[in-house]
Amino acid sequence: MKEILFQNADSLTDCEIRGEGVFFTAKSAARFTVYADVPGYYSFVFDCDLVYGDAWHDIIVIGTDGSSIRYRVGFPKVQRETKTFIYLFAGKNSVDMNGSYGSGTFYRLRYSDAPAPLPYAVSPTNDICCLDRPRHLKIHLLHYDRTPSEIRWDGGTLPFTMRPSRAEDLLQGDALIRSELILSPQALSILPVGKHTLYIILDDGRELPYTLTVKEKDEKAPLEILNFNVHHGSATLLSLPNGRHLLIDSGKEECARDIVLPYLARNGIHVDYYLLTHFHDDHDGMLEDILAQNGLRKPDMAVVEQSLTADAPERYPYLSQFGYLDSRMVRPFDRLDRIWDLGGVEVTVLNSRLDESGRQTIDMTDENNSSTSLAVVYGGFRYHHAADNYANVEERMLGLWEARGEKSFLKCDYFYANHHFHGSVSDTFIRYINPKVVFVSAQAAVYARAAYTTVYKEGVQLRGYPGKRLQDTLLSCEVGSVRVKVFKDRWMYECIDDLA
């Protein structure tokens with residue numbers, strides 16, 4: 001690795017020399033000169049200490065002919081080194097780092113001597129298609145400077161089309177390395193019923209596996225969980241065994257209006273219960289309209305507040321009269337299935353605005369800390385809905401359940417990632433709960449959030465740990481909406497690019 005000290009940059013603007021490093025803010029800029037014998041993607045490592053929370057800054061690479069590529073790189077407070085891959089043109093390159101968000105002291109920039117091995121990937125790695133419900137399948141491909149030449153299976157090859165990624169807020173650097181492969185219903189019709197391993201073949205011969213299960217008929221499950229693709233927001237619909245429906249949040253107003261409400265109307269779905277995890281506009285879109293359209297009322301907060309410290313049997317009867325709850329009304333260890341009729345699905349509150357005694361103890365300087373996270377259990381399946389909790393809340397939950405001697409209750413099969421992986425994430429927590437699948441409701445800005453790119457990817461995805469089960473990380477900006485089908489003895493999921 002070659003190394004350049006930040007203090008030795010070609011130029012520094014609005015920066016302050018501090019000890020061995022350079023203090024960098026959202027107004028700062030630095031320029032470095034780096035050389036590459038051959039063009040390609042090189043491994044870059046930034047060494048820094050942040051003041052508070054995460055930071056992200058723009059990196060612009062400019063070649064001798066004026067060609068340029070712009071990236072945005074996220075830096076975590078919890079880890080000093082940030083690793084990324086950046087394209088260098090042959091010969092002399094100017095690498096500009098322009099402040100965007102956050103501040104901290106940067107010490108050195110290191111980059112590989114030659115193009116680095118790259119983490120090519122497909123998302124999802126597993127999916128389902130049903131012959132009685134034909135649809136286009138989308139595979140998100142992280143290919144860098146390689147292109148796919150064919151999709152191969154045991155019986156030959158499948159025709160496909162390729163288009164640029166349609167992820168919202170995609171920066172130029174990410175757009176160059178990501179594409180979407182589309183398999184049409186006609187292409188899929190040649191696959192027999194059963195499980196198939198398809199291989200996306202890149203132009204250098206590398207094979208990327210993708211598992212597709214072809215089913216004759218779409219099977220209705222007793223419990224279905226639909227995670228809507230509402231970009232940087234949250235909306236999830238639980239279709240319960242008794243035919244009732246629980247809606248957890250409804251995204252931003254425009255997403256609720258254009259995605260959630262039309263889906264409910266097209267499918268004739270009546271919302272029986274609405275849970276608002278917290279009061280942010282990317283969660284409570286069209287709330288009053290949804291309540292009015294479905295005949296739902298809110299409890300009287302004066303009555304609720306008078307009973308917050310009472311035992312569950314005293315609080316639940318009043319709350320059960322209403323189809324609406326939010327983080328002010330429930331506390332850790334509450335069972336929503338004892339308030340509402342959820343058809344045999346157990347729903348336990350893991351975190352809310354209140355502590356387990358009903359007294360407000362959550363730091364309300366950030367509403368996200370008070371958001372209601374849930375454990376959903378049906379048969380042998382466990383779903384953890386993390387709302388917008390931060391790492392400190394995740395670690396608090398570990399301690400809270402360990403004190404009860406029930407820490408293992410937090411383990412799950414499917415994890416709805418906290419706060420869109422935007423902000424702090426506890427990789428210790430995620431490794432402990434050990435999910436098989438992680439869903440992240442996020443726009444492409446997540447590619448520049450250190451919570452995802454460093455803490456999660458390095459601390460969970462790429463890290464080995466005892467009993468690791470992780471098989472898929474589903475970013476909504478890559479795969480769309482996700483429907484989880486839960487039976488008493490098994491569960492499966494499918495990614496749906498277009499809910500219409």
For the backbone of [Y] and the side chain of [X], can you confirm whether one donor and one acceptor N or O come within less than 3.5 Å of each other?
X      : Y      : answer
Ser165 : Ser179 : no
Ser426 : Phe429 : yes
Asp334 : Arg331 : yes
Thr125 : Gln471 : yes
Asn368 : His419 : no
Ser441 : His231 : yes
Ser424 : Ala391 : yes

Filter on salt bridge (charged side-chain N to carboxylate O under 4.0 Å, His left out), then keep only pairs touching [range], sequence neighbours left out; what's left?
range            : answer
residues 98-119  : Glu3-Arg108, Asp47-Arg108, Glu81-Arg110
residues 449-470 : Asp413-Arg469
residues 55-65   : Asp58-Arg70, Asp58-Arg72
residues 415-429 : Asp427-Arg431

Look at the rings of [X] and [Y] and say which category their plane angle falls in: under 30° parallel, 30 to 60° tilted, over 60° perpendicular.
X      : Y      : answer
His280 : His278 : perpendicular
Phe46  : Phe106 : perpendicular
Phe415 : His384 : perpendicular
Trp401 : Phe409 : parallel
Phe6   : Phe32  : perpendicular

Arg359 bridged to Asp355 by N-O distance under 4.0 Å: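 Here Arg359 does not pair with Asp355 in a salt bridge, since their nearest N and O are not under 4.0 Å apart.
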Answer yes when Glu478 and Arg166 have at least one side-chain N-carboxylate O distance shorter than 4.0 Å, and no when they do not. no
Which pairs with one or both residues in residues 27-36 pass side chain to side chain donor-acceptor pair (under 3.5 Å), sequence neighbours excluded? Asp10-Thr33, Thr25-Ser28, Arg31-Asp96
Between Ala451 and Phe421, what is the shortest heavy-atom contact and its length? CB-O, 3.5 Å
The single option from Phe228, Tyr383, Phe439 passing side-chain contact (heavy atoms from CB on, under 4.5 Å) against Thr236: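 The residue from Phe228, Tyr383, Phe439 that satisfies side-chain contact (heavy atoms from CB on, under 4.5 Å) with Thr236 turns out to be Tyr383.
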Just to verify, what does Glu20 make a side-chain hydrogen bond (donor to acceptor under 3.5 Å, both in side chains) with, not counting sequence neighbours? none
With [X], which residues qualify under salt bridge (charged side-chain N to carboxylate O under 4.0 Å, His left out), at least two apart?
X      : value
Lys252 : none
Glu356 : Arg396
Glu224 : Lys220, Arg483, Lys485
Asp49  : Arg80

Could you list the residues that satisfy ring pair (Phe, Tyr, Trp, His ring centres under 6.0 Å) with Tyr274, not counting sequence neighbours?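 Per chain and number, Tyr274 pairs via ring pair (Phe, Tyr, Trp, His ring centres under 6.0 Å) with no residue.
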Residues in ring pair (Phe, Tyr, Trp, His ring centres under 6.0 Å) contact with Tyr493, at least two apart in sequence or another chain: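 Testing Tyr493 for ring pair (Phe, Tyr, Trp, His ring centres under 6.0 Å), a comparison that skips the adjacent residues, returns none.
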Determine, for Tyr432 and Lys411, whether the Lys NZ or Arg CZ falls below 6.0 Å from the six-membered ring centre while staying within 45 degrees of the axis.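 Yes, Lys411 sits over the ring of Tyr432.
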Could you give me the CA-CA distance, side-chain angles and deciding distance for Tyr465 and Val460, then say whether side-chain contact (heavy atoms from CB on, under 4.5 Å) is met? CA-CA 8 Å; Tyr465 49 90; Val460 180; 3.7 Å; yes
Taking the side chain as C-beta and beyond, is there a heavy-atom pair between Tyr416 and Val440 under 4.5 Å?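 Answer no - side chains too far apart.
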